Amino acid sequence: MAKRNIISVLDMKDDMPELVDLAIRLKAERGHHGDPLKGKTLAMIFEKPSTRTRISFDVAISELGGHPLYIEASKMQMGHSETVEDTALVMSRFVHGIMYRAFDYKIMDRLGDNATIPVISGLDNLEHPCQALADMVTIKEKKGGFRGRKLVYLGDGNNVCNSLLYACAIMGMDMVACCPAVRMPNAEIMLNASRIADENGCRIIASHEPYEACKDADVLYTDTWISMGDDTPLETAVKIFHDYQINSDLLKVAKPDCIVMHCLPAHRGQEITAEVMDGPQSVVFDEAENRLHAQKAVLYTLLR
Ligand code: CP
Ligand code: NVA
């Protein structure tokens, strides 16, 4: 079987619904999976900090019977005295899969193109595909499905927003990217996602009007106003994003059973108020847990 990368949500275009269902099935097995990945090693390389991605991939490969290998990118030869291409070829001789967290998606692509083993993105500046998969798992669990549902993403049109655009389009869910004009999602991804949505009978649109956008929403979603590697000062970010905060007034506009999501880490008082983040409609910690189950679905599918 040809090796498969997951670097963009588009790499799950043909089987995202199956991956969501597999994650839910694996979750029900509560860690007792019969070691399907026995003898497999997953290298997990990080250029940036991580709590959820690192721990959930580590536990996921371990509970599937495999072995995690954590590597700080700055301690490797790559980027100092060895090319990405050579690193990809060497690593392909040692391990069975690479999970990589990068500043620059171009490094991710070069790794993915040259490794003869699967390369899985643990986030880059363009996308966060495994987060989006876990988010679809959470929405399926909480809402039962995607058709006729509406997700409103508020704030920075960043990597998480870009991946959600693709994920909603693929799963058949309406999505509004409600972002300031100066921080819209990637234009090409927005266009591609809208095309996929058109083919799939749902709608992807942009808005700059939070109160209008959130009417009848089933899911409100936000992320940090300042992503890793973004040097925007906090005072500037507050000015740009102030009106896009998820707070109880905005939540009242959505459906009464609307859920609130955040990929975490969260900044209470900035993109979301403490009242909402810690309130009854927030599902953020279930969402974080689902990273583990989604990661298992990805590893089981790619490394088995
Ligand atoms: N949501 C997420 O990817 O969190 P980490 O940065 O902690 O991995
Ligand atoms: N957009 C955030 C996500 C962190 C999980 C970042 O890139 O820092």
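Values in this document were obtained by computation on a predicted structure and should not be read as measured data. Whatever order the structure lists ligands and atoms in, that order sets their numbers, starting from 1. Note that these values count all heavy atoms, side chains included, but never hydrogens, waters or copies made by symmetry.
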Checklist entry - Would one find an N or O of L264, backbone or side chain, under 3.5 Å from an N or O of ligand 2? => result no

Item to check | Taking atom 4 (C) of ligand 2 as the reference point, the nearest protein heavy atom with its distance | outcome: L123 CD1, 3.8 Å

Item to check | Partners meeting side-chain hydrogen bond (donor to acceptor under 3.5 Å, both in side chains) with K255 (sequence neighbours left out) | outcome: D218

Next on the checklist: Below the 3.5 angstrom mark, is there an N/O of R101, backbone or side chain, next to an N/O of ligand 2?
Outcome noted: no

Item to check | Atom indices of ligand 2, in the order listed, that fall short of 4.0 Å to a heavy atom of N158 | outcome: 1 (N)

Item to check | Lys NZ or Arg CZ of K48 over F103 ring: under 6.0 Å, within 45° | outcome: yes

Checklist entry - Does atom CZ of R203 have more than 12 heavy-atom neighbours, drawn from other residues, nucleotides or ligands, at distances under 6.0 Å? => result no

Next on the checklist: If I compare all heavy atoms of S8 with all of E127, which pair ends up nearest, and what's the gap?
Outcome noted: OG-OE2, 2.6 Å

Checklist outcome for this item: Short version for N159: what comes under 4.0 Å of ligand 2, heavy atoms counted, is side chain

Checklist entry - Do R268 and T273 have side-chain atoms, one donor and one acceptor, less than 3.5 Å apart? => result no

Checklist entry - At what distance is the nearest protein heavy atom to atom 8 (O) of ligand 2, and which residue and atom is it? => result M228 N, 2.8 Å

Checklist outcome for this item: Nearest heavy-atom contact between H128 and G122 is CE1-O, 3.8 Å

Item to check | Within 45° cone and under 6.0 Å: R304 NZ/CZ vs Y300 ring | outcome: yes

Checklist entry - Honestly, is R54 close enough over F46, meaning NZ or CZ under 6.0 Å from the six-membered ring centre and within 45° of the axis? => result no

Checklist entry - Do any nitrogen or oxygen atoms of T224 come within less than 3.5 Å of a nitrogen or oxygen of ligand 2? => result no

Checklist entry - Looking only at atom types and distance, does a side-chain atom of H96 sit under 3.5 Å from a main-chain N or O of L42, one as donor and one as acceptor? => result no

Next on the checklist: Given a heavy-atom cut-off of 4.0 Å, could you list the residues near ligand 1 in chain and number order?
Outcome noted: S50, T51, R52, T53, R101, H128, Q131, C263, L264, R291

Item to check | Which atom of M184 lies closest to which atom of A206, heavy atoms considered | outcome: CE-CB, 3.4 Å

Next on the checklist: Tell me the protein heavy atom at minimum distance from atom 3 (C) of ligand 2, and give that distance in Å.
Outcome noted: D223 OD2, 3.6 Å

Next on the checklist: Quick check: S227 and ligand 2, any N/O pair under 3.5 Å apart?
Outcome noted: yes

